[in-house]
Amino acid sequence: MRWNIVASLMLALAGASCSGRGSRAAVPEPEAVPPGGGVLVLELADARQGGVLVPGTFTWITAPSPPPAHSLLPSFRGGGEPLPKATHDGVAKVPVAAGHYTWIRAVPAPPATGAAYARVPPFADRQTVRLELAADTCRLWVTVFATDASGAVPAGSEVALYRRVDDGAPERVASATTDGHGLARFEAVPGGNLLVVAPGASPTDAAPFVQPITVAAGVRPLELGATLLAPPPRHRLGFAISAELTGERHTPPVVALWQRGEGGGALHLAAPPVAEQELVASARVPEGLYELLVVPLGCADVWPDLGVLRVPRSEPGPIKLRVRQRERDVELRLRGVSAELPLRVFAHRDHEPWTGDEQALSIGPDLWPSTGALTWSLPAPVRIVARGRVAWFVAPDPAALSSGVVEVPLLPACRLEVRWLRPFGPAAGVAVQATSAAGEALLALRSGSEGSGPTVRAAWTGEIVLPRGGTATLTGVVDGAPAWTREVQLDAPQVELTVP
């Protein structure tokens, strides 16, 4: 939605002064009130001076719908010169068209500092808004979209604020509820490293359901924003795990659920790392189809073979698993990457969509200090992908990691990230196909966003790693029908494609 700067009011003409909390001169009515609209009476007060009204500048923006992003003020820059009007003692009146939202910014006249902000939904007749300058506060505005990015979450949805702790679980410090437009406001946000958590999410979730922010000391007052998606409804799964562990404690197995079909490519941890012989845990995951996975890949055997697990389950009680940790039995040697050490190495299964979840695909040590390392054998050939300090690499063909020494040549690669700026409903039937010299592949899409501030938009995002050089043809598909096609040059280590 294009926002228009309507006007700015200059408060404090030469000789104007503030005489106290309730002191104000008469304020003239606006020149014209749009039919069916109303009048905003704006007051600028300074809490540092006991709440007295002070001179300053009001700037306001109106639009027939709220901005599709977290930005409190979509743009107060580049909108032309403010239009001065005569007002007195920190009070002004603003005409607002019928059905319009209004964002207001107030800045005190020098030598006072700071800024105050307000947001006003559509109204009729007359409304008074008091903007207060605080001495040492940080305000956080959070916009929460529904799971399918089709609109705001219901009014009254709870957004939580947690403090990140180095050696423990995050601590909940505050909560706020959304209004009818998905906007929640936190006043007096504490300093430190924080997590903003969407309704229905937990602090252990990742973006776009959780967003980290940092409120630095000594840089206040601040106005911060965050944009989140509410996670889909989730179902609790219980696990009772019996483990046979080797002496290799520095890489304990992690039991996870790999989502297939709609939402495919998402990894959900089912339990903490299996470091003890008995473990009872639970996980909350969205409805869907899942494959049981142990990461790093190949580090353990797990049985029984559950095949494709449907959530929610019809069977009561926890899922009972046996996990047997394995010794590393393959020496993997990579060629063509020595200049990019250290490395992170992944194994992609060609029959699966490409995903950006590195944890789900990692093999061998977490960080490869050399071009060779011991890893675990895998039941089927995989395509090796490596990320160096700057560059990406990919194997031209799948490799069988079955036993002994396996040498894999790697080629310079391009990591291609796609952002499809189309706020669909559910992801069923939505896909991005990539065709290049390496063949055809499918990108696993996840909910995300593009841009920042006033330009944030909901998006589907996906990644793929292809040999560098030449071109790739990308096609967006909805319910089997092509929606768009783009040609992309694979000429850099990383390339981004944004499709409106």
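Side-chain atoms are counted along with the backbone in the values below, which use heavy atoms only and exclude waters and symmetry mates. All of these numbers come straight from a predicted model, not from anything done at the bench.
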For [Y], is there any backbone N or O sitting under 3.5 Å from a side-chain donor or acceptor partner on [X]?
| X | Y | answer |
| --- | --- | --- |
| Thr471 | Leu490 | no |
| Arg163 | Gly191 | yes |
| Arg468 | Ala413 | yes |
| Arg310 | Ser314 | no |

Taking all non-hydrogen atoms of both residues, which atom of [X] and which atom of [Y] are closest, and how far apart?
| X | Y | value |
| --- | --- | --- |
| Ser402 | Ser377 | O-CB, 3.3 Å |
| Arg172 | Ala160 | NH1-CB, 3.6 Å |
| Ala230 | Pro199 | CB-O, 3.9 Å |
| Pro318 | Ala240 | CB-N, 4.2 Å |
| His235 | Pro312 | ND1-CB, 3.8 Å |
| Leu229 | Ala146 | CD2-O, 3.2 Å |

Practice item. Begin with the C-alpha distance, continue with both residues' side-chain angles, and end with the deciding distance and a verdict on side chain to side chain donor-acceptor pair (under 3.5 Å) for Thr177 and Glu158. Key: CA-CA 4 Å; Thr177 55; Glu158 185 178 75; over 6 Å; no
To the closest 0.5 Å, what do you measure between [atom1] ([X]) and [atom2] ([Y])?
| X | Y | atom1 | atom2 | result |
| --- | --- | --- | --- | --- |
| Ile464 | Thr355 | CD1 | OG1 | 11.5 Å |
| Leu332 | Trp368 | CG | CH2 | 4.0 Å |
| Ile363 | Thr375 | CD1 | OG1 | 5.0 Å |
| Ser202 | Tyr162 | OG | OH | 7.5 Å |
| Leu292 | Phe239 | CG | CZ | 6.5 Å |
| Ile319 | Ile241 | CD1 | CD1 | 9.5 Å |

Exercise for review: Step through the shown structure and confirm whether more than 12 heavy atoms of other residues, nucleotides or ligands are within 6.0 Å of CD on Gln494.
Suggested key: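 Buried by this count: over 12 neighbours within 6.0 Å.
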Practice item. Answer yes or no: does atom CD of Glu440 have more than 12 heavy-atom neighbours from other residues, nucleotides or ligands under 6.0 Å? Key: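 No, the 6.0 Å shell around CD holds no more than 12 heavy atoms from other groups.
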So, are [X] and [Y] salt-bridged, with charged N and O less than 4.0 Å apart?
| X | Y | answer |
| --- | --- | --- |
| Glu291 | Arg349 | yes |
| Arg284 | Asp205 | no |
| Glu244 | Arg322 | yes |
| Asp366 | Arg344 | yes |

Beyond-backbone contact of [X] with [Y], side-chain heavy atoms, under 4.5 angstrom:
| X | Y | value |
| --- | --- | --- |
| Val385 | Leu361 | no |
| Thr227 | Phe145 | yes |
| Leu297 | Leu378 | yes |
| Leu183 | Trp141 | yes |
| Leu334 | Ile384 | yes |
| Val274 | Pro252 | no |
| Val323 | Asp301 | no |
| Pro286 | Arg234 | yes |

Check your understanding: Are Trp420 and Val432 close enough, and set up right, to give a side-chain contact (heavy atoms from CB on, under 4.5 Å), and what steps lead you there?
Key -> CA-CA 9 Å; Trp420 188 354; Val432 173; 3.9 Å; yes
Check your understanding: Any idea how Trp354 and His348 line up, ring-wise: parallel (<30°), tilted (30 to 60°), or perpendicular (>60°)?
Key ->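 Rings of Trp354 and His348: parallel, under 30°.
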Point to revise | Derivation of the side-chain contact (heavy atoms from CB on, under 4.5 Å) call for Ile213 and Leu140 | key: CA-CA 10 Å; Ile213 62 170; Leu140 171 65; 4.0 Å; yes
Review point. Can Ser282 and Arg236 be said to form a side chain to side chain donor-acceptor pair (under 3.5 Å), step by step?
Key: CA-CA 7 Å; Ser282 64; Arg236 185 174 298 277; 3.1 Å; yes
**Study point:** Under 3.5 Å side-chain donor-acceptor pair for Gln433 and Thr475
**Key:**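 Per modelled atom types, Gln433 and Thr475 side chains form no pair under 3.5 Å.
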Review point. Side chains of Gln277 and Ser242: donor-acceptor distance under 3.5 Å anywhere?
Key: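 Per modelled atom types, Gln277 and Ser242 side chains form no pair under 3.5 Å.
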Check your understanding: When you look at Leu474 and Val488, which way does the side-chain contact (heavy atoms from CB on, under 4.5 Å) test go after all the steps?
Key -> CA-CA 8 Å; Leu474 300 180; Val488 180; 4.0 Å; yes
Exercise for review: Pick out which of Glu331, Glu327, Arg326 makes a side chain to side chain contact (heavy atoms under 4.5 Å, CB included) with Asp329.
Suggested key: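 The single option meeting the side chain to side chain contact (heavy atoms under 4.5 Å, CB included) with Asp329 is Arg326.
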**Study point:** Audit row: Val210, Val196, side-chain contact (heavy atoms from CB on, under 4.5 Å) steps and yes/no
**Key:** CA-CA 6 Å; Val210 173; Val196 190; over 6 Å; no
